[in-house]
Asker: 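Encoded as structure tokens, here's the structure I'll be asking about.
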2 protein chains.
Amino acid sequence: MRLTTKGRYAVTAMLDLAFHSQKKPVTLTDIANRQTISLSYLEQLFARLRKADIVIGVRGPGGGYKLSRAAGKINIAEVIEAVDEPLDSTKCGGEGNCQNNQPCLTHELWMGLSEQIRGYLGGISLGDLLERHEIQHVAKRQENDAKVIELHRQERASA
Amino acid sequence: MRLTTKGRYAVTAMLDLAFHSQKKPVTLTDIANRQTISLSYLEQLFARLRKADIVIGVRGPGGGYKLSRAAGKINIAEVIEAVDEPLDSTKCGGEGNCQNNQPCLTHELWMGLSEQIRGYLGGISLGDLLERHEIQHVAKRQENDAKVIELHRQERASA
DNA sequence: ACTTAACCCAGCAAAATAGTCAACTATTCC
DNA sequence: GGAATAGTTGACTATTTTGCTGGGTTAAGT
């Protein structure tokens, strides 16, 4: 499991797609403009996302990309793994043919950690992120509302 | 928060250092041999780890590197961040000067996720990993012991 | 003094990243 | 049917990162 800017671009684009998904497909041009990612780079990323059955491409006018499933059914780990290179993972290729026991020891430790990160990100969906943001947004508005009310109270008090 | 092979090298090397930390400092040459990482690359990584006050370098014969704190006090996130480039973080530099509201929206979502990953890895120490492995190791040995006992039982039964 | 090993630095080849350019295909709308 | 739309594909490029080689200098122990 790697976390690079490439994966970030993919997740960002997918979040944008999920957020703007109404009935109509979303064009890459729109996403490119909103997220300031080059169109051709997005094309590369979405070619992989399509092969991974995460998005569906719709051709022709009014076309674009749609999520293949509900945003709650698409997790972050699969988006990142779709665009990442397969990551040769190990030097001993799981065969455990390291020189002695020591190399495989720390190697095994790292693999365990990597697995944990994958599990963690696999438990978070695009829908979760959008929802959490929505909650934050609402919370922030309520916070502002509270301030406005407080302000009004002070105005009445001073009047 | 990025997760690249560079960070993996750093964590692997730190795990090796933590595992082999007795009284004496551990030389980079030893780590290089055990983990098959080039000495010069390790030097680069440890220069950063030293600047981040994660390890202490001891010069001269019998020298090497020591952990600056107990393995339980060093978390994975700080090891990775020590060797990673500062990661220009955002395009709008936290100023929020994106074109409209939309870019900052998904951007904010990603930053939130990144923060979660940092928090997650920040909660795991080198000591945790070593301990977990130790538990696995013990568990595996007990498993083997059980098989041996079972084997002995079968031998007695057939005799 | 000599050895050891951290420290420091310049450079370098391979890979990954991010992007451009161009041609082609399927679809829909007129 | 023809034009416009938008995905699809591939080759090609610039930049950065990665991982390493090899040269040195400095501090500390014997």
Side-chain angles (χ1 to χ4, degrees), chain A residues 2-13 17 20 23-33 35-68 80-89 91, chain B residues 2-13 17 20 23-68 80-88 91:
Chain A
R2 288 192 305 165
L3 267 189
T4 64
T5 50
K6 194 173 189 174
R8 185 174 68 188
Y9 275 119
V11 172
T12 301
L17 174 56
H20 292 93
K23 213 176 173 184
K24 290 274 173 189
V26 179
T27 68
L28 289 189
T29 307
D30 284 350
I31 298 177
N33 290 337
Q35 304 302 327
T36 55
I37 306 171
S38 87
L39 178 59
S40 303
Y41 196 43
L42 276 180
E43 283 173 355
Q44 283 180 37
L45 297 179
F46 274 75
R48 285 170 177 271
L49 292 170
R50 196 174 59 85
K51 278 172 191 157
D53 286 319
I54 296 175
V55 296
I56 296 170
V58 181
R59 291 181 162 196
Y65 279 97
K66 297 189 300 179
L67 299 180
S68 68
I80 291 172
E81 285 181 340
V83 298
D84 266 349
E85 305 305 315
L87 174 63
D88 59 327
S89 66
K91 276 169 188 164
Chain B
R2 288 193 307 168
L3 267 190
T4 65
T5 50
K6 194 172 190 175
R8 184 173 69 188
Y9 274 116
V11 172
T12 301
L17 174 57
H20 292 92
K23 212 176 174 184
K24 288 275 172 190
V26 180
T27 68
L28 290 190
T29 307
D30 285 351
I31 299 178
N33 290 336
R34 278 194 294 262
Q35 305 302 329
T36 56
I37 305 171
S38 88
L39 177 60
S40 302
Y41 195 43
L42 275 180
E43 281 175 356
Q44 282 180 39
L45 297 179
F46 274 75
R48 285 169 176 272
L49 291 170
R50 195 174 59 85
K51 277 172 194 160
D53 284 319
I54 296 174
V55 296
I56 296 170
V58 181
R59 291 182 160 196
Y65 279 98
K66 299 188 297 180
L67 299 180
S68 68
I80 291 173
E81 284 181 340
V83 298
D84 267 348
E85 307 306 313
L87 174 62
D88 59 329
K91 276 167 188 164

Asker: What pairs with A/Gln44 under side chain to side chain contact (heavy atoms under 4.5 Å, CB included), at least two apart in sequence or on another chain?
Answerer: A/Tyr41

Asker: Kindly give the heavy-atom pair with the smallest separation between B/Leu42 and B/Leu28, and that separation in Å.
Answerer: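 Residues B/Leu42 and B/Leu28, closest heavy atoms: CD1-O, 3.6 Å.
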
Asker: Could you pull out the closest heavy-atom pair between A/His20 and A/Val26, with the gap in Å?
Answerer: O-CG2, 3.5 Å

Asker: Starting at atom NZ of B/Lys6, determine the distance to atom P of C/dA15, rounded to an integer number of angstrom.
Answerer: 18 Å

Asker: Separation of A/Tyr41 atom OH from C/dA16 atom P, in whole Å?
Answerer: 12 Å

Asker: List in chain and number order the residues that pass side chain to side chain contact (heavy atoms under 4.5 Å, CB included) with A/Lys24, two or more places apart in sequence or in another chain; answer none if no residue qualifies.
Answerer: none

Asker: Just the rounded figure in Å: distance from P of D/dG7 to CG of A/Leu49.
Answerer: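 Going from A/Leu49 (CG) to D/dG7 (P), I get 13 Å.
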
Asker: Would you kindly give the OH-to-C1' distance between B/Tyr9 and D/dT18, to the nearest whole Å?
Answerer: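 Result: 9 Å.
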
Asker: What's the CG-P distance between A/Leu42 and C/dT17, to the nearest Å?
Answerer: 15 Å

Asker: Measure the distance from CD1 on B/Ile37 to C1' on D/dT21 and round it to the nearest whole Å.
Answerer: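 Nearest whole value for this atom pair: 16 Å.
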
Asker: In chain order, what residues pass the side chain to side chain donor-acceptor pair (under 3.5 Å) check against B/Asp30, with sequence neighbours excluded?
Answerer: B/Thr27

Asker: Taking NZ from A/Lys24 and C1' from C/dT27, how many angstroms apart are they, rounded to a whole number?
Answerer: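 Between C1' of C/dT27 and NZ of A/Lys24: 12 Å.
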
Asker: Take nucleotides 5-13 of chain C nucleotide by nucleotide from the 5' end and write B, S or -, depending on whether a protein heavy atom sits under 4.0 Å from the base, only from the sugar-phosphate, or from neither.
Answerer: SSBB-----

Asker: Output all residues satisfying side chain to side chain contact (heavy atoms under 4.5 Å, CB included) with A/Ala82, sequence neighbours left out; order by chain, then residue number.
Answerer: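 Only A/Leu49, A/Ala52, A/Ile54 meet the side chain to side chain contact (heavy atoms under 4.5 Å, CB included) criterion with A/Ala82.
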
Asker: CZ of B/Arg48 versus C1' of D/dT17: gap in Å, rounded?
Answerer: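 Taking atom C1' of D/dT17 as the reference, CZ of B/Arg48 is at 11 Å.
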
